[in-house]
Amino acid sequence: MKLLKGKWASITVPLLSVALGLLVGGVIMLVSGYNPIVAYAALFNGIFSNTYVIGETIRQMTPLILSGLAVAFAFRTGLFNIGVEGQLLVGWLASVYVGLQFEGLSPIVHIPLAIIAAALAGAIWAFVPGFLKAKYQVHEVITTIMMNYVALHVVNAIIRTYLLAPGERTDQINASASLQSPFLESITDFSRLHYGFVVAIIGAIIMWFLLWKTTTGYELRSVGFNKYASEYAGINVQRNIVLSMVISGAFAGAAGAMEGLGTYGYMTVMADFTGVGFDGIAVALLGANGALGVVLASALFGGLKIGALNMQSVAQVPTQLVEIVIAMIIFFVASSYLIHWISNRVSKRGKI
Amino acid sequence: MDFMQILQLIIPAAIFSAAPLIFTALGGVFSERSGVVNIGLEGLMLMGAFTGALFTILGEQWGMGAASPWFSLVVAIIIGMLFSLLHAVASISFRADQVVSGVALNFLAAGLAIFLVKKIFDAGQTPIIQERIYKTDVPFLSDIPFIGPLFFSSAYYTSYIAIALAFLVWWVLYKTPFGLRLRSVGEHPMAADTMGINVTKMRYVAVMLSGGFAGLGGAVYATSIAGNFSHATISGQGFMALAAMIFGKWHPLGAMGAALFFGLAQSLSITGQQIPGLKEIPEVYLLISPYVLTILALAGLVGRADAPKAIGQPYEKGKR
């Protein structure tokens, strides 16, 4: 049971949780009369069998990575940003707005401009809970949830009032702001793969660099470990709380830009949330709040979501099974105390 | 349109749309007063709505007639309690982060309910239920001038049950030994433990009560407002109930008042177009008002809202 102690624990617990989550999914399929082996084989084929599904998996991963980074970044400062969903929506709208303006710009200018606008919008949206937390000790979980709904209704109202095109959506953005790529589409059998994944990888590198290679990152992590000790050491805790939320919101806004500039190229009036922001919580948890972990966890969840489509068509298992599996994985990761407890029990008896 | 007509339009609609929120917010009060954050109210409500629709349909098939929706409400309470056990086990026994566990519960409910709908009905939503909970005039009371037409005619019994339950919950929490114990566990679990209160047991009971109430809230929504269950039936009502609980300062009657107020805002955003003077206000302001008010309340701008002291912390015996 050495695997559950020390540096291996950060890898073993997530892997064990994924295995247990898939096991529970299998049991649910058995109980409800599906063949779990056929279903999981179809799921696996649905992720790897051809270039189209690989392209779609990477496309699905792209916003997941950025929203996972957003959640993870705030976690590192001891903040729980459930508001990624709302920050993503305002980011999406901002990127589409910038994408609709500015005729005849070079893509080298237009794309970064639109992404920065999205990040800025997300950052502003996250500033409110950060400020309220720092100034009035208001719990960020509640404010970010409330801000999600404010974002949903405000974004819809703005689209309806100012940007409406036929079909309850905005117009298509100018080509110069688009991340879509005929080349990437052609090598992946016309999937919707776009250059956003490059942005997501850059995002992961920025997060790693910021947290581990800069003084600011040191302060942010220090506040996450112990606010009081940090304050005693002369770190401005309130400033760091606001900063952490703002950076987290910027990642979330950039995730919205991936949808706005990449996958869709427009924004529709939203009846409900995209879910990408909430999935970011799962991604960050499974990825142990690390940059690399987030990328790997996004690959898993992105893959599961794309593979589920094949699982439904081959084995007739509803795609929602994957949501159940993801929920169970979060339960198991969060309850890692259980895994440690079992391992202690086993090792005390001198077995294994 | 005179003033009376306007009130007759708004007030019954407000009480009507507030009922599911009141039930769920009361559940939230139980859980959070015992020191367990329950972000999972949304998921619990969702399971309740699913159960409500499913068992109303089954009740119809089993020949229960008009009793079917009431039967489904009872089943929804039980399912809600069972489902909330997951949150209780993870966050109380396994010391999982309560917020994370609640989020997982929401994911699980959304996945499981639609999975089962597809399995059972082979479609994305349940059929429309035949036996809904219908509006009735309350005998005698609806004849009272002024008050009668506003509060007692063409109303749903579930709304009155919700309001009555709010007073019952207030009585239980503030006037019984059980309520005192439940609140003490949420304020200072170690002191409560020293006095011989079983912290773990109290928290389990509180979370399961919250599950039952939220399940009931969801089922009432499905059987009175929605009429069926699909992926879009419960979209945010649980979080709105959470907001009502906080805006009501973790107090049952406060939560009821806040839920009624949010119900009013919702009904105004729907009926507002028919009312002169309100037409000019864009719908979006009414839609976001519950959330903005909650944020302002938390910031201390609309009266200070203080959470129970020990909220969010797992209790470990002997930990200082």
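- A/D272 and B/S235 get closest at one heavy-atom pair: OD2-CB, 3.9 Å.
- Each of B/L112, B/L242, B/D97, B/V292 has some count of heavy-atom pairs under 4.5 Å with chain A, and the biggest count is that of B/L112.
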Evaluate side-chain contact (heavy atoms from CB on, under 4.5 Å) for B/F115 paired with A/V317, printing each intermediate quantity in order.
-> CA-CA 8 Å; B/F115 180 84; A/V317 180; 4.0 Å; yes

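- Interface remark: B/I39 contributes side-chain atoms only to the contact with chain A (heavy atom separation under 4.5 Å).
- For B/K118 against A/P318, the heavy-atom pair with the smallest separation is CD-CB, 3.6 Å.
- Heavy atoms closer than 4.5 Å to chain A are found in the side chain of B/T294, but not in its backbone.
- Of all heavy-atom pairs spanning B/L108 and A/I324, the tightest one is CD1-CG2, 3.6 Å.
- With a threshold of 4.5 angstrom between heavy atoms, A/L321 approaches chain B through its backbone and through its side chain.
- Contact of B/S289 with chain A is not made at all, since no heavy-atom distance falls under 4.5 Å.
- Both the backbone and the side chain of A/V150 come within contact range of chain B, each with at least one heavy atom under 4.5 Å from a heavy atom of that chain.
- Ring orientation note: the planes of A/H153 and B/Y291 are close to parallel, at an angle under 30° on the 30°/60° scale.
- Atom OH of B/Y285 is surrounded by 12 or fewer heavy atoms from other residues, nucleotides or ligands within 6.0 Å.
- Of all heavy-atom pairs spanning A/F278 and B/F107, the tightest one is O-CZ, 3.4 Å.
- For residues 25-33 of chain A, a heavy-atom distance under 4.5 Å to chain B picks out A/I28, A/S32, given by residue number.
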In sequence, state the C-alpha distance, the side-chain angles, and the governing distance for B/K119 and A/Y34, and then conclude on side-chain contact (heavy atoms from CB on, under 4.5 Å).
-> CA-CA 10 Å; B/K119 173 74 194 161; A/Y34 299 107; 3.2 Å; yes

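- Using a 4.5 Å cut-off between heavy atoms, A/D279 contacts chain B through both its backbone and its side chain.
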Candidate pair B/V100 and A/I330, rule side-chain contact (heavy atoms from CB on, under 4.5 Å), full reasoning | CA-CA 8 Å; B/V100 172; A/I330 308 177; 3.7 Å; yes

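- Using a 4.5 Å cut-off on side-chain heavy atoms (C-beta onward), A/I82 and B/V99 make contact.
- Of all the listed residues (B/P290, B/A232, B/A96), the one sharing the greatest number of non-hydrogen pairs under 4.5 Å with chain A is B/A96.
- When all heavy atoms of B/A104 and A/A327 are compared, the pair lying nearest together is O-CB, 3.6 Å.
- For the atom pair B/I295 CD1 and A/I142 CD1, the distance stands at 10.5 Å (nearest 0.5 Å).
- Contacts of A/F80 with chain B are made by side-chain atoms alone, with heavy-atom separations under 4.5 Å and no backbone atom involved.
- Here A/Q320 is the residue among A/Q320, A/M328, A/E323 with the most heavy-atom pairs under 4.5 Å with chain B.
- What you find for B/A243 and A/M146 is that their closest heavy atoms are CB-CE, 3.4 Å.
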